[in-house]
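Residue numbers begin at 1 in each chain, while the letters A, B, ... track the order of the sequences. As a basis for the values below, the full set of heavy atoms in this structure was taken, side chains included, without hydrogen atoms, waters or symmetry mates.
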There are 2 protein chains.
Amino acid sequence: MKRAFNVVQADLNQTLKPLDLRMVTYSALVLIVDNPGLRQSQLAEALDVERANLVVIIDELEGRDLITRDRVPTDRRAYALNPTLAGRRLYDRALEAVRGHERRILNGMDEEAKQAVIRAMSVIRRGSEGG
Amino acid sequence: MKRAFNVVQADLNQTLKPLDLRMVTYSALVLIVDNPGLRQSQLAEALDVERANLVVIIDELEGRDLITRDRVPTDRRAYALNPTLAGRRLYDRALEAVRGHERRILNGMDEEAKQAVIRAMSVIRRGSEGG
DNA sequence: TATTGTTATACTCTATAACTATA
DNA sequence: TATAGTTATAGAGTATAACAATA
């Protein structure tokens, strides 16, 4: 499974390289476009990344003018993350590129196997820690 | 897939912790017991780890007297890796522990899904890089 | 010349503690 | 007092270059 994941990640990163995105920055951008107004702590939890480590990821996306950090009026501690037009455009291009990546990776599996994998991945949950 | 792998790895490492093994050291031990006489460079390739990084892994196993580094008479540059009796005993215990881990992880998947995942993982190969 | 094992090193990822400004 | 975001830092894991011994 580790090796399979390494192969998938390597191919995905190669796919995203022309867009100057990595797996995390891609995932973050997708979540922000799909959930505008998201807060950093919510995004950190969704990505399963420490808040502290998310900061540099967000810094990068903001520095490239792909997203903005907007103060939340009702809670001045928090930032709402919103995509810019450039962010939405890169999102579109990235999504298309990732579709090609998925075709490459899933190539050789029949439809039944693909669905089984997707189901199986979602069955594996934190709950398995508790025995 | 990343999250699923993280869950699996965390559970596996917890499982191996009482035996003072991590995922890599476990994998290395298994390969050495199953292929006695293996050379470091072969093991590095099998584990998909850089030779340089394998050194410390082998150092650890050797330091705990689980394996030995034996000079190869026909090629004095190389070391043949062989398990000690203690190494074989730990291997047995580790294998049993990992069976429990697998039961936990695969729990909740029907037999068909398990087989599909195993097949799917083995379909994903370096070949997918070449398009 | 090339290869095996090794050392040193740098770079990335991840985890933790402590700070600030708000609530 | 607790929370959101931030900074600094330490620890893994991984990748690369260079070296000695040997082929």
Side-chain angles (χ1 to χ4, degrees), chain A residues 1-3 5-10 12-14 16-17 20-28 31-32 35 37-63 67-82 126, chain B residues 1-3 5-10 12-14 16-17 20-28 31-32 35 37-63 67-82 126:
Chain A
M1 184 171 177
K2 175 172 188 176
R3 303 185 68 143
F5 175 65
N6 281 346
V7 171
V8 171
Q9 181 167 240
L12 181 55
N13 280 330
Q14 275 304 114
L16 293 171
K17 204 170 193 175
D20 269 310
L21 289 172
R22 287 166 300 144
M23 214 169 82
V24 246
T25 48
Y26 166 75
S27 305
L31 283 168
I32 293 167
N35 305 280
L38 202 66
R39 300 188 188 184
Q40 283 186 210
S41 50
Q42 294 175 317
L43 181 56
E45 201 190 349
L47 290 174
D48 203 20
V49 162
E50 293 297 320
R51 270 177 309 152
N53 296 327
L54 184 65
V55 174
V56 293
I57 297 168
I58 293 303
D59 280 349
E60 184 186 329
L61 292 177
E62 190 191 29
I67 64 165
T68 55
R69 267 192 254 234
D70 307 318
R71 279 273 178 218
V72 177
T74 57
D75 184 346
R76 289 180 38 74
R77 293 171 303 179
Y79 284 111
L81 303 174
N82 288 296
R126 285 283 164 206
Chain B
M1 183 173 178
K2 175 172 189 177
R3 301 182 69 143
F5 175 65
N6 282 345
V7 171
V8 172
Q9 181 167 241
L12 181 56
N13 280 330
Q14 276 305 112
L16 294 172
K17 204 169 193 176
D20 268 310
L21 289 172
R22 288 164 300 146
M23 213 170 81
V24 247
T25 50
Y26 165 76
S27 305
L31 283 168
I32 293 168
N35 306 280
L38 202 65
R39 299 188 189 183
Q40 283 186 210
S41 51
Q42 294 174 316
L43 180 57
E45 201 190 349
L47 290 173
D48 204 20
V49 162
E50 292 297 320
R51 269 176 311 148
N53 295 327
L54 184 65
V55 174
V56 293
I57 296 167
I58 294 302
D59 281 349
E60 185 186 327
L61 293 177
E62 191 191 28
I67 64 164
T68 56
R69 268 190 254 235
D70 307 318
R71 280 272 177 218
V72 177
T74 58
D75 185 345
R76 289 180 38 74
R77 292 172 304 181
Y79 285 109
L81 302 174
N82 288 296
R126 285 282 164 207

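In this structure, A/Arg76 and B/Val55 both approach DNA chain C, and ranking their closest nucleotides by distance from the 5' end singles out B/Val55. Mapped onto DNA chain D by nearest heavy atom, A/Ser41 and B/Val72 fall at different nucleotides, with A/Ser41 at the one closer to the 5' end. Each of A/Val24 and A/Glu50 has a nearest nucleotide on DNA chain C; the 5'-most of these lies closest to A/Val24. Comparing A/Lys2 and A/Arg39, the nucleotide of DNA chain D nearest to each residue sits closer to the 5' end for A/Arg39.
Here the C1' atom of nucleotide C/dT12 and the CG atom of A/Asn13 are 12 Å apart, to the nearest Å. Atom CG in A/Asp70 sits roughly 18 Å away from atom P in D/dA4 (whole-Å rounding). Rounded to an integer number of Å, the gap from CD of A/Glu45 to C1' of D/dG5 is 16 Å. Separating the CZ atom of A/Arg22 from the P atom of C/dT12 is a distance of 9 Å, rounded to the nearest angstrom. As rounded to whole Å, 14 Å separates atom P of D/dT6 from atom CZ of A/Arg77. For the pair A/Glu60 CD and C/dC13 C1', the computed distance is 14 Å after rounding to whole Å. A/Leu54 has its CG atom 9 Å from the P atom of D/dT6, to the nearest Å. Residue B/Gln9 contributes atom CD, which lies 14 Å from atom P of D/dA12 at whole-angstrom precision.
Taking every heavy atom of both residues into account, B/Leu54 and B/Val49 meet most closely at N-CG1, 3.8 Å. Taking each heavy atom of B/Tyr79 and B/Arg71 in turn, the nearest pair found is OH-NH2, 3.1 Å.
No option in B/Asn35, B/Asp70, B/Thr68 other than B/Asp70 meets the side-chain hydrogen bond (donor to acceptor under 3.5 Å, both in side chains) test with B/Asn82.
Contacts of A/Arg71 with the nucleic acid, taken as non-hydrogen atoms under 4.0 Å apart, are absent.
Ion pairing of A/Asp48 with B/Lys2 is absent here, as no side-chain N (NZ or NE/NH1/NH2) approaches a carboxylate O to less than 4.0 Å. Under 4.0 Å is where a charged nitrogen must lie from a carboxylate oxygen, and between A/Glu45 and A/Arg39 no such pair does.
Contact annotation: B/Gln40 side-chain N/O to C/dT6 OP1/OP2 distance is under 4.0 Å. Distances shorter than 4.0 Å separate none of the side-chain N or O atoms of B/Arg51 from OP1 or OP2 on C/dT7.
The listed nucleotides are C/dT6, D/dT6, C/dA15; the one nearest the side chain of A/Asn53 is C/dA15.
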